[in-house]
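First up is the structure itself, then whatever we jot down about it.
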Amino acid sequence: MDIKRFMVATALSAVVLVGFEYFLPQQNHKTVEQQAPAPAPAPAPAAGDAAAIPAADQAAKSDAPDPRVTIDAGRVAGSLDLRGARLDDLVLKNYHETVKDGSPLVRVLAPRGEEQPNLVEVGWTNVSGGQVRVPDANTVWTADHDKLTEAQPVTLSWDNGQGQVFQIAIAIDPNYMFTVTQKVVNHGGEGVSLYPFSRVERGYTPVETGGYLVHEGPISVIDHRLDESSYKSLRKAAVPPGNIAWSKSGQGGWAGITDKYWLSAVIPQQDSDVAANYAFASQGGDKGIYDVGFTARAPLVVAAGGEASTESHVFAGAKEVPLLEKYESSLHIPDFWKAVDFGWFAFLTRPIFTVLDWLNTMLGNFGLALMAFTLLVKALFFPLATKQFHSMGKMRQLQPKIKALRERYKDDQMALNQQMIALYKQEGVNPASGCLPMLLQIPVFWCLYKDLYVTIEMRHAPFFGWIHDLSAFDPTNLFTLFGLIPWDPAVISPMLQLGLWPMAFGLTMFIQQKLNPAPSVDPAQQKMFQFMPIIFTFFMARQPAGLVIYYCWNNLLTMLQQTVIQRRMNTKAAAAATGQAKLPAGKK
């Protein structure tokens with residue numbers, strides 16, 4: 001029977017580990033899939049009553065490079081393509097692809113024709129039956145300045161030759177937010193009606209690095225309702241000829257395409273009625289053009305001799321929670337913080353992150369912030385932990401009696417259960433009382449785990465020694481003798497990656513077991529518990545170093561806490577025994 005139980009327990013552990021491997025993301029520092037350059041995109045139609053958004057003109061154009069306006073602001077650099085007025089070239093000055101010296105800056109926007117095209121377009125489309133000539137993807141605009149900076153906005157102009165002049169005024173703040181004002185000046189003899197639109201276009205399917213913990217792909221908030229769709233769902237739902245996969249009407253909101261750490265989003269005027277849509281124009285298989293954007297539901301009416309304008313915003317940058325919250329407040333963007341996937345337990349996950357971020361600001365090191373937060377959690381749960389360890393101590397004292405009962409009633413399970421219940425009642429012990437404090441702490445630890453995975457603050461954050469990136473696994477490896485053997489055993493199997501911090505975690509887990517042996521004396525369960533430190537050591541070896549350091553530190557604090565509580569219990573027990581021994585014989 002013991003062998004059977006052992007085999008079942010081993011099988012269940014294997015299932016748990018396989019589940020973790022399936023649901024949790026693997027460390028992959030290659031941010032996007034390398035693909036062939038994407039051809040010009042198919043049209044992305046507007047939703048509602050608007051006509052289709054103009055597509056790229058397939059007519060031949062000059063081989064000369066497109067004229068561009070340079071972008072050089074506080075935290076971004078790049079350029080704006082005057083052909084099509086596309087925002088399609090942007091790098092983040094404060095973020096690099098890796099921690100290595102000379103690593104390229106993270107690029108969040110790239111033009112069509114490159115391997116990973118990602119861009120933002122704004123424009124106009126005609127009402128049904130309208131004959132106004134509107135700018136398209138091959139329209140060459142005129143700029144009033146050759147550089148866009150925080151202090152110097154740029155206005156693009158184009159005359160359609162029919163009496164209408166189109167203008168796009170673009171300004172940028174010190175971070176990642178562009179303000180876009182679309183204006184039409186009508187010198188014609190008749191009024192015109194046009195639908196303004198804005199959209200994010202992605203011409204490749206990226207590798208999704210976050211697994212089921214982090215949403216990556218189309219995202220929007222319309223009427224305070226969050227929608228998170230996958231690339232796969234867009235490919236399946238898009239129906240030609242419009243290629244619309246999802247559409248929703250509402251007032252204001254925001255929409256875009258998110259990666260684990262980066263976001264490209266368009267934000268319409270918040271008091272305007274808009275139709276949001278996701279679209280996918282297939283180019284065979286998984287290749288194609290993803291479009292996420294807005295079209296006004298009511299046309300912009302420009303009277304003869306008059307002008308009309310609408311203002312929108314474009315965000316292209318890092319998903320820094322404090323910054324998103326700042327934009328949410330100053331620009332009245334609803335639920336903009338939800339660009340960071342805090343999950344179903346955001347009511348707990350988000351406050352925990354706020355504390356972590358504050359500690360990081362105070363201490364200047366995210367690893368130290370993790371340790372300080374762990375101390376706070378331990379202090380908060382100290383009364384519960386005391387109760388838990390008291391219960392475990394009592395159960396440990398009862399182990400000889402429990403063992404005797406098991407031997408005596410080994411052939412009568414019902415009688416054994418009755419006798420054990422009677423023993424617990426006689427000794428005033430509740431076997432489940434030690435579990436409740438632990439269960440109450442699980443949500444906190446899970447939310448912390450989620451925070452460390454989805455927020456950008458741990459990305460490339462250094463610790464001490466050899467840990468230069470808390471979001472990556474420990475780079476040391478036992479199977480290379482910590483660098484003495486020049487080979488990469490992980491090529492053979494990911495299981496052959498075992499760093500110093502995961503080994504330290506396994507050691508602390510093993511010591512915990514010795515300090516706090518399992519209440520059951522079932523040999524099969526004892527064998528299973530003995531293997532747990534080894535199993536979890538290999539599992540944690542492929543997790544971010546920040547998580548491993550956190551759990552290792554947590555184990556050390558737990559052992560210290562348990563030692564302090566145990567000494568108090570022993571002192572009280574010794575004092576009680578001494579007092580009992582001093583009583584007269586007749587009063588014992």
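What you see is a predicted model, and the numbers here were worked out from it, not measured in a lab.
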>> Measuring only between side-chain heavy atoms, which start at C-beta, is Lys93 closer than 4.5 Å to Asp72?
In response: yes

> Would you call the rings of Phe342 and Trp337 parallel, tilted or perpendicular if under 30° counts as parallel and over 60° as perpendicular?
Replying inline: tilted

>> What verdict does the salt bridge (charged side-chain N to carboxylate O under 4.0 Å, His left out) test give for Lys338 and Glu228, after you've listed the backbone C-alpha separation in whole Å, the side-chain angles of each residue and the deciding distance to 0.1 Å?
In response: CA-CA 10 Å; Lys338 289 184 179 179; Glu228 296 176 324; over 6 Å; no

> Considering residues, nucleotides and ligands other than Lys378, do more than 12 of their heavy atoms fall under 6.0 Å from its NZ?
Replying inline: yes

> So, does Arg202 use its side chain to make a donor-acceptor pair with the main chain of Val292 at under 3.5 Å?
Replying inline: no

> Using the benzene-type ring in the case of Trp, are the ring centres of Phe197 and Trp124 under 6.0 Å apart?
Replying inline: no

> CD of Gln270 to CD of Glu311: how many Å apart, nearest 0.5 Å?
Replying inline: 10.5 Å

>> Does Thr455 form a side chain to side chain donor-acceptor pair (under 3.5 Å) with Tyr261? I'd like the steps, not just the answer.
In response: CA-CA 7 Å; Thr455 56; Tyr261 296 124; over 6 Å; no

Identify every side-chain donor-acceptor pair in residues 312-322 under 3.5 Å, counting partners at least two apart or on other chains, and give the distances.
residue : atom : partner : partner atom : Å
His313  : NE2  : Thr179  : OG1          : 3.3
Lys319  : NZ   : Thr258  : OG1          : 2.7
Lys319  : NZ   : Asp259  : O            : 2.8
Lys319  : NZ   : Lys260  : O            : 3.4
Lys319  : NZ   : Ala339  : O            : 2.9
Glu320  : OE1  : Arg75   : NH1          : 3.1
Glu320  : OE2  : Arg75   : NH2          : 2.6
Glu320  : OE2  : Tyr95   : OH           : 2.6
Glu320  : OE2  : Tyr176  : OH           : 3.3

> Atom CH2 of Trp254 and atom CD of Glu328: how far apart are they, to the nearest 0.5 Å?
Replying inline: 10.0 Å

> Which distance, rounded to the nearest 0.5 Å, do you find between the OH of Tyr453 and the CG of Leu547?
Replying inline: 6.5 Å

>> Within this structure, what is the CD-CG distance for the pair Glu457 and Leu356, rounded to the nearest 0.5 Å?
In response: 9.5 Å

> If you look at every heavy atom in Cys552 and Trp501, which pair is closest and at what distance?
Replying inline: SG-CZ3, 3.9 Å

>> If you define the side chain from C-beta out and look only at heavy atoms, does anything of Lys236 sit under 4.5 Å from Ser233?
In response: no

>> Less than 4.5 Å apart, side chain to side chain, heavy atoms only: is that true for Ile222 and Gln251?
In response: no

> Yes or no on side chain to side chain contact (heavy atoms under 4.5 Å, CB included) for Tyr327 and Asn175, after CA distance, side-chain angles and deciding distance?
Replying inline: CA-CA 11 Å; Tyr327 286 136; Asn175 295 295; 3.3 Å; yes

>> Is it the case that the side chains of Thr508 and Tyr551 hold a donor-acceptor pair, with the cut-off being a distance below 3.5 Å and no angle test?
In response: no

> Using a distance-only test with no angle check, is there a side-chain donor-acceptor pair under 3.5 angstrom linking Asp89 and Ser79?
Replying inline: yes

> Does any donor atom in the side chain of Tyr195 or Arg297 lie under 3.5 Å from an acceptor atom in the other side chain?
Replying inline: no

>> Would the distance check show the side chain of Asp341 and the main-chain N or O of Gly343 forming a donor-acceptor pair, the cut-off being under 3.5 Å?
In response: yes

> Quick one: does Ser264's side chain get under 4.5 Å of Leu109's, heavy atoms only?
Replying inline: yes

>> Looking at every non-hydrogen atom in both residues, tell me the closest pair between Ile170 and Leu148 and how far apart they are.
In response: O-CD1, 3.3 Å

> Short question: side chain of Thr354, backbone of Arg350 - any donor-acceptor pair under 3.5 Å?
Replying inline: yes

>> Please tell me whether Asn118 and Gln116 have a donor and an acceptor in their side chains that are separated by less than 3.5 angstrom.
In response: no

>> Working to the nearest 0.5 angstrom, can you tell me the gap between Leu452 CG and Cys447 SG?
In response: 11.0 Å

> Should Asn243 and Phe280 count as side-chain neighbours, where that means a heavy-atom distance under 4.5 Å?
Replying inline: no

>> Any non-hydrogen side-chain atom of Ile219 less than 4.5 Å from a side-chain atom of Leu263?
In response: yes

> Rounded to the nearest 0.5 Å, how far apart are CD of Glu325 and CG of Asp335?
Replying inline: 11.5 Å

>> Quick check against the 3.5 Å criterion: does Asn365 have a side-chain atom that pairs as donor or acceptor with the backbone of Pro462?
In response: yes

>> Check whether Asn477 reaches the backbone of Leu498 with its side chain - one donor and one acceptor, N or O, closer than 3.5 Å.
In response: yes

> Heavy atoms, side chains only, cut-off 4.5 Å: are Val106 and Trp262 in contact?
Replying inline: yes

> Between Arg112 and Glu201, is a salt bridge (charged side-chain N to carboxylate O under 4.0 Å, His left out) present by the stated rule, with each step listed?
Replying inline: CA-CA 10 Å; Arg112 294 168 181 163; Glu201 175 189 300; 2.9 Å; yes

> When you measure from the side chain of Ser103 to the backbone N and O of Val99, does any donor-acceptor pair fall under 3.5 Å?
Replying inline: no

>> Applying salt bridge (charged side-chain N to carboxylate O under 4.0 Å, His left out) to Glu121 and Arg83, what does each step give before you reach the verdict?
In response: CA-CA 11 Å; Glu121 283 187 320; Arg83 183 180 295 277; over 6 Å; no

> Could you walk me through whether Trp246 and Asn277 pass the side chain to side chain contact (heavy atoms under 4.5 Å, CB included) check?
Replying inline: CA-CA 5 Å; Trp246 177 89; Asn277 61 78; 5.7 Å; no

>> I need the minimum non-hydrogen distance between Pro544 and Leu470, along with the two atoms involved.
In response: CB-O, 3.5 Å

>> Is the ring pair Phe536/Phe539 parallel, tilted or perpendicular, if the boundaries are 30 and 60 degrees?
In response: perpendicular

> Is there side-chain contact between Val355 and Phe373, with heavy atoms separated by less than 4.5 Å?
Replying inline: yes

> What closest approach, in Å, do Thr374 and Leu370 show between heavy atoms, and which atom pair accounts for it?
Replying inline: OG1-O, 2.7 Å

> With respect to Asp88, which candidate in Asp66, Leu119, Val120 satisfies the side chain to side chain contact (heavy atoms under 4.5 Å, CB included) definition?
Replying inline: Leu119

> Yes or no on side chain to side chain donor-acceptor pair (under 3.5 Å) for Glu114 and Tyr204, after CA distance, side-chain angles and deciding distance?
Replying inline: CA-CA 10 Å; Glu114 295 205 0; Tyr204 69 102; over 6 Å; no

> Taking only residues two or more places apart in sequence or in another chain, which ones pass side-chain contact (heavy atoms from CB on, under 4.5 Å) with Glu150?
Replying inline: Ala73, Pro174

> Given Trp446 and Leu348, is the side chain to side chain contact (heavy atoms under 4.5 Å, CB included) satisfied, shown in steps?
Replying inline: CA-CA 10 Å; Trp446 164 251; Leu348 185 58; over 6 Å; no

>> Looking only at the side chains, is there a donor atom on one of Trp466 and Asp474 sitting less than 3.5 Å from an acceptor on the other?
In response: yes

>> Under a plain distance cut-off of 3.5 Å, with no hydrogens placed, do Ser247 and Tyr278 share a side-chain donor-acceptor pair?
In response: no

> Between Val207 and Glu216, what is the shortest heavy-atom contact and its length?
Replying inline: O-OE1, 4.4 Å

> Would Ile267 and Met177 count as a side chain to side chain contact (heavy atoms under 4.5 Å, CB included) if you check the C-alpha gap in whole Å, the side-chain angles of each, and the deciding distance to 0.1 Å?
Replying inline: CA-CA 10 Å; Ile267 305 152; Met177 188 68 78; 3.8 Å; yes

>> Restricting to non-hydrogen atoms, name the atom on Pro533 and the atom on Gly506 that form the minimum distance, rounded to 0.1 Å.
In response: CB-O, 3.8 Å

